[in-house]
S.K.: 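Here it is, the structure, as C-alpha cells.
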Amino acid sequence: MSATFHASRLAVCSWSLQPATPSDLFDALDATGIHRVQLALDPLHEQPDVWGRFGAEAAQRGVSIVSGMFGMIGEDYSTLESIKLTGGVVPDATWEQNWRNIRKVAEIAASLELKLVTFHAGFLPHEESDADFPKLFSRVSRIADLFAKHDIHLGFETGQETAETLRSFLTKFGHPLVGVNFDPANMLLYDKGDPITALRALSPWLKQCHIKDAKRTTVPGTWGQEVPVGAGEVDWKAFFRILDELGYQGHLSIEREAGNRRVTDILGAKEHVTRLL
C-alpha cells in the first residue's frame with residue numbers, strides 16, 4: 001500500500017477538535033492539513049441554527065465528509081461500570097428519546113449523502129441466553145433497517161466487548177450493511193484483548209478504522225489511558241501490515257479524546273502514520 005493511498009484516506013474525527021461552530025472545525029482542519037472529516041451528526045439536529053448548513057459550508061471550504069457518527073443520550077463514561085449500565089441502546093430509560101434522535105440522524109446522513117455512520121451499540125451480551133440479548137438485537141435491527149433504507153452502512157465501535165463476542169454477534173446478526181469501525185485503542189482502554197488479534201478476527205466486517213493509541217490499565221476494572229499515537233501499546237506496523245494484506249480500501253480517521261493539545265496530537269498522529277508507510 002502506497003503512501004499516497006494512506007494520505008488520501010486519512011481523516012479527522014470532528015469531535016476530537018471540540019468545535020463550537022463549523023468555522024471552528026474548518027479552521028482546525030486547516031491547521032492539521034487534513035480536509036476529510038468523520039462528522040459528529042448530533043449537533044446538526046441539536047443546534048440547527050449553528051450546524052444546519054454544514055454540508056454546503058463544507059463544500060465551500062473544500063472539506064469532504066467521509067462518514068458520520070452519532071451518540072446516545074444519558075451515557076456516563078466516568079467508570080467502566082457506569083458506561084456498561086448507561087451506554088448504547090441497552091438502557092430502557094433513554095431508548096425512546098434515543099430512537100427519536102436516531103431517526104433525525106438518519107435523515108441528516110442521507111441528506112449529506114453519507115455511506116457510513118458509526119456508533120456505540122453498548123456492551124453486547126456474551127451469550128444469547130442473557131436477558132438483554134433479545135432487546136439489544138431487536139433495537140440494533142431497527143437501527144440497521146432504518147439506515148439501510150438510505151443505503152447507509154453502519155459501523156459498530158469496537159472495544160466494549162471482546163472481538164470474539166462482537167464477531168459472534170455480527171455472525172448471528174447477518175445484516176449486509178452492518179460491520180465495525182475498528183478502534184485499536186479501545187481494545188486497550190476497555191481491556192478487551194489484543195488489538196492486532198482483534199483486527200484479524202473482525203476483518204470480514206471492517207468498514208472504517210480509527211487511528212488512536214492507548215495503554216492498558218494495570219488495575220483490572222478501570223480505564224486504560226489514552227495517549228498520543230505512537231506513545232501507546234498499539235503495534236502500528238502490524239496494524240498497517242494487516243490492512244495491506246486485506247486490501248483495505250476504507251478511511252483512517254484520527255481520533256483524540258484526551259488532553260488539551262488536540263491539533264498538535266492529530267498532527268503527530270498524521271506524521272507517525274506517514275513514517276510507517
Side-chain angles (χ1 to χ4, degrees), residues 1-3 5-13 16 36 38 66-67 69 88 115-124 126 153-217 223-257 266 268-270 272-277:
M1 193 179 295
S2 70
F5 173 87
H6 274 304
S8 69
R9 294 294 179 175
L10 283 177
V12 178
C13 297
S16 295
R36 290 166 295 276
Q38 179 177 11
V66 304
S67 60
M69 181 278 285
K115 294 302 180 184
L116 173 66
V117 173
T118 72
F119 74 112
H120 278 289
F123 282 73
L124 302 179
H126 292 277
H153 292 239
L154 279 180
F156 289 179
E157 289 276 1
T158 54
Q160 295 185 333
E161 58 283 312
T162 66
E164 292 74 16
T165 295
L166 182 52
R167 181 184 177 96
S168 175
F169 184 91
L170 289 167
T171 300
K172 179 174 177 57
F173 195 62
H175 197 294
L177 299 187
V178 174
V180 298
N181 178 84
F182 188 83
D183 188 320
N186 279 354
M187 305 305 297
L188 299 166
L189 290 170
Y190 287 92
D191 198 16
K192 293 298 182 180
D194 174 64
I196 303 306
T197 301
L199 177 59
R200 287 195 181 279
L202 295 169
S203 60
W205 293 275
L206 199 59
K207 300 289 186 182
Q208 182 180 261
C209 293
H210 276 173
I211 302 298
K212 189 170 74 183
D213 212 341
K215 295 181 179 179
R216 196 183 306 276
T217 182
W223 284 109
Q225 179 189 7
E226 186 191 338
V227 296
V229 170
E233 297 174 15
V234 175
D235 184 343
W236 291 107
K237 289 183 179 180
F239 180 85
F240 289 119
R241 184 170 63 249
I242 292 171
L243 294 185
D244 284 347
E245 292 171 2
L246 295 172
Y248 175 69
Q249 297 292 310
H251 283 91
L252 303 160
S253 290
I254 300 171
E255 183 179 34
R256 183 69 166 126
E257 296 187 295
I266 289 167
K270 174 185 174 183
H272 187 79
V273 169
T274 302
R275 286 196 299 270
L276 292 176
L277 303 181

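One-based numbering along the sequence shown.
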S.K.: Sequence neighbours excluded, which residues qualify as side-chain hydrogen bond (donor to acceptor under 3.5 Å, both in side chains) partners of Glu233?
M.R.: none

S.K.: Taking only residues two or more places apart in sequence, or in another chain, which ones meet Trp223 in a ring pair (Phe, Tyr, Trp, His ring centres under 6.0 Å)?
M.R.: Tyr190

S.K.: side-chain contact (heavy atoms from CB on, under 4.5 Å) between Leu188 and Lys215: does it pass, once the steps are laid out?
M.R.: CA-CA 6 Å; Leu188 299 166; Lys215 295 181 179 179; over 6 Å; no

S.K.: Please report the interatomic distance OG1(Thr165) to CG(Leu170), rounded to the nearest 0.5 Å.
M.R.: 11.0 Å

S.K.: Distance from Asn181 atom CG to Gln38 atom CD, nearest 0.5 Å?
M.R.: 5.5 Å

S.K.: Looking only at heavy atoms, which two atoms of Glu157 and Glu161 are closest? And how far apart?
M.R.: O-OE2, 4.3 Å

S.K.: Quick one: list whatever passes ring pair (Phe, Tyr, Trp, His ring centres under 6.0 Å) with Phe119, sequence neighbours left out.
M.R.: Phe70, Phe156

S.K.: Before giving the answer on side-chain contact (heavy atoms from CB on, under 4.5 Å), spell out for Arg256 and Glu226 the whole-Å C-alpha distance, their side-chain angles and the decisive distance to 0.1 Å.
M.R.: CA-CA 8 Å; Arg256 183 69 166 126; Glu226 186 191 338; 3.1 Å; yes

S.K.: To check you understand the geometry: which heavy-atom pair defines the closest contact between Ala163 and Ala201, and what is its length?
M.R.: CB-CB, 4.1 Å

S.K.: Considering only residues two or more places apart or on different chains, which pairs with a residue in residues 194-209 satisfy salt bridge (charged side-chain N to carboxylate O under 4.0 Å, His left out)?
M.R.: Arg200-Glu245

S.K.: Which heavy atom in Pro184 sits nearest to a heavy atom in His210, and how many Å separate them?
M.R.: CD-O, 3.2 Å

S.K.: Rounded to the nearest 0.5 Å, what separation is found between the CH2 atom of Trp205 and the OG1 atom of Thr171?
M.R.: 3.5 Å

S.K.: Under the side-chain contact (heavy atoms from CB on, under 4.5 Å) rule, what do His272 and Ile211 come out as? Steps first, then yes or no, please.
M.R.: CA-CA 10 Å; His272 187 79; Ile211 302 298; over 6 Å; no

S.K.: Measuring from atom OG1 of Thr158 to atom CE of Met187, what distance do you get when rounded to the nearest 0.5 angstrom?
M.R.: 6.0 Å

S.K.: What's the shortest heavy-atom distance between Val229 and Asp213, and which atoms?
M.R.: CA-CB, 3.6 Å

S.K.: Minimum heavy-atom separation for Leu246 to Ser203, with atom names?
M.R.: CD1-CB, 3.5 Å

S.K.: Using the test salt bridge (charged side-chain N to carboxylate O under 4.0 Å, His left out), find all partners of Asp183 that sit at least two apart in sequence or belong to another chain.
M.R.: Lys212

S.K.: Would you compute the distance between atom SG of Cys209 and atom CG of Leu243 and round it to the nearest 0.5 angstrom?
M.R.: 5.0 Å

S.K.: Which residues satisfy the ring pair (Phe, Tyr, Trp, His ring centres under 6.0 Å) test with Phe239, sequence neighbours excluded?
M.R.: Trp236

S.K.: Between the main-chain N or O of Arg9 and the side-chain N or O of Arg36, is there a donor-acceptor pair closer than 3.5 Å?
M.R.: no

S.K.: Which heavy atom in Val66 sits nearest to a heavy atom in Ala11, and how many Å separate them?
M.R.: CG2-CB, 3.9 Å

S.K.: Say you draw a straight line from NZ of Lys237 to CZ of Arg275; how long is it, rounded to the nearest 0.5 Å?
M.R.: 11.0 Å

